[in-house]
Amino acid sequence: MNSAYLWIKAFHIVFVAAWFAGLFYLPRILVNLAQVEDGSHAERERLLLMARRLNRFSWLLAVPALALGLWLWIGYGIGWGSGNAWMHAKLLLVAVALGYHHVSGRLLQRFELSANRHSHRWFRVFNEMSVLIFATIVVLVVVKPFAE
């Protein structure tokens, strides 16, 4: 592979890691929002502001992560051909990560409307989903199970 491939791969990894950092922390803010006491308006507003900014910033990080990943996949043929079922699983999990990010934003909107229906315990479990998604994607890319 040429040096351009290595640069694209390096920046893809950087943007994926940065995007997932947002996905690790945004749901954590939702846990904190679910624990805000009634009448703690300043704390609630501060957490909502942080969550809004992080959600937008995380989406901005997702775009180059996805674009660079597509470049590697389509432009360099990474994961094409037989013996690359790991790539299908990875692409499915990328779609799940995008859905998770979308759902996180929707849950944030519910807080903004004072319409949250979940407990802080529910958000703690939801918070761990991003770690499982990320870990599984890393295992798929490094170990490449299902390869022939």
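Heavy atoms only: backbone and side chains are in, while hydrogens, waters and symmetry mates are out.
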| message | Check this for me: F126, atom CZ, are more than 12 non-hydrogen atoms of other residues, nucleotides or ligands nearer than 6.0 Å? | response | yes
| task | Dump the intermediate steps for side-chain contact (heavy atoms from CB on, under 4.5 Å) on H12 and K9, then the final yes or no. | result | CA-CA 5 Å; H12 174 62; K9 186 176 179 180; 5.5 Å; no
| V16 reachable from L92 in the ILVMFWY side-chain graph, under 4.5 Å edges | no
| message | Measuring only between side-chain heavy atoms, which start at C-beta, is L60 closer than 4.5 Å to F15? | response | no
| Taking it one step at a time, do L23 and F134 satisfy side-chain contact (heavy atoms from CB on, under 4.5 Å)? | CA-CA 10 Å; L23 291 183; F134 182 74; over 6 Å; no
| Which class fits the ring pair W80 and W73: parallel under 30°, tilted 30 to 60°, perpendicular over 60°? | parallel
| What about L113 and V103, same hydrophobic cluster or not, with Ile/Leu/Val/Met/Phe/Trp/Tyr joined at side-chain heavy-atom distances under 4.5 Å? | no
| request: Kindly give the heavy-atom pair with the smallest separation between L30 and S104, and that separation in Å. | output: CD1-O, 4.0 Å
| said: Please say yes or no: joined through hydrophobic side-chain contacts below 4.5 Å, possibly via intermediate residues, are I13 and I78 part of one cluster? | reply: no
| message | Any non-hydrogen side-chain atom of R52 less than 4.5 Å from a side-chain atom of L48? | response | yes
| message | Between L54 and I29, does the side-chain contact (heavy atoms from CB on, under 4.5 Å) criterion hold? Intermediate values first, please. | response | CA-CA 10 Å; L54 183 58; I29 296 174; 4.0 Å; yes
| task | Compare every heavy atom of P27 with every heavy atom of G22, then report the nearest pair and how far apart it is. | result | O-CD, 4.2 Å
| request: Working to the nearest 0.5 Å, report the span between CH2 of W71 and CG of L66. | output: 15.0 Å
| said: With no hydrogens and no angle check, just 3.5 Å: does a side-chain donor-acceptor pair link H120 and N32? | reply: no
| said: If I compare all heavy atoms of V141 with all of K90, which pair ends up nearest, and what's the gap? | reply: CG2-CD, 3.7 Å
| query | Can you say whether the rings of F11 and W7 are parallel (under 30°), tilted (30 to 60°) or perpendicular (over 60°)? | reply | parallel
| query | Do M50 and Y25 come close enough that some side-chain heavy atom pair is under 4.5 Å? | reply | yes
| query | In the single-linkage hydrophobic clustering (I, L, V, M, F, W, Y; side-chain heavy atoms under 4.5 Å), do I133 and V142 co-cluster? | reply | yes
| note | R44 meets the salt bridge (charged side-chain N to carboxylate O under 4.0 Å, His left out) criterion, sequence neighbours left out, with none
| task | Would you sort out whether Y5 and L72 count as a side-chain contact (heavy atoms from CB on, under 4.5 Å), showing the intermediate values? | result | CA-CA 7 Å; Y5 163 79; L72 290 168; 3.6 Å; yes
| note | Here the gap from W122 atom CH2 to L107 atom CG, rounded to the nearest 0.5 Å, amounts to 5.0 Å
| From H101 atom NE2 to L61 atom CG, the distance as rounded to the nearest 0.5 Å | 9.0 Å
| field | Nearest heavy atoms of F24 and S130, plus distance in Å | value | CD2-OG, 3.2 Å
| query | Looking at CZ of R121 and CG of N127, how far apart are the two atoms once the value is rounded to the nearest 0.5 Å? | reply | 15.0 Å
| said: Assigning hydrophobic clusters by single linkage (Ile, Leu, Val, Met, Phe, Trp, Tyr; side-chain heavy-atom cutoff under 4.5 Å), is L91 placed with L98? | reply: yes
| remark: d(F123 CZ, N116 CG) to nearest 0.5 Å is 4.0 Å
| query | CZ/F20 to OH/Y100 distance, rounded to the nearest 0.5 angstrom? | reply | 9.5 Å
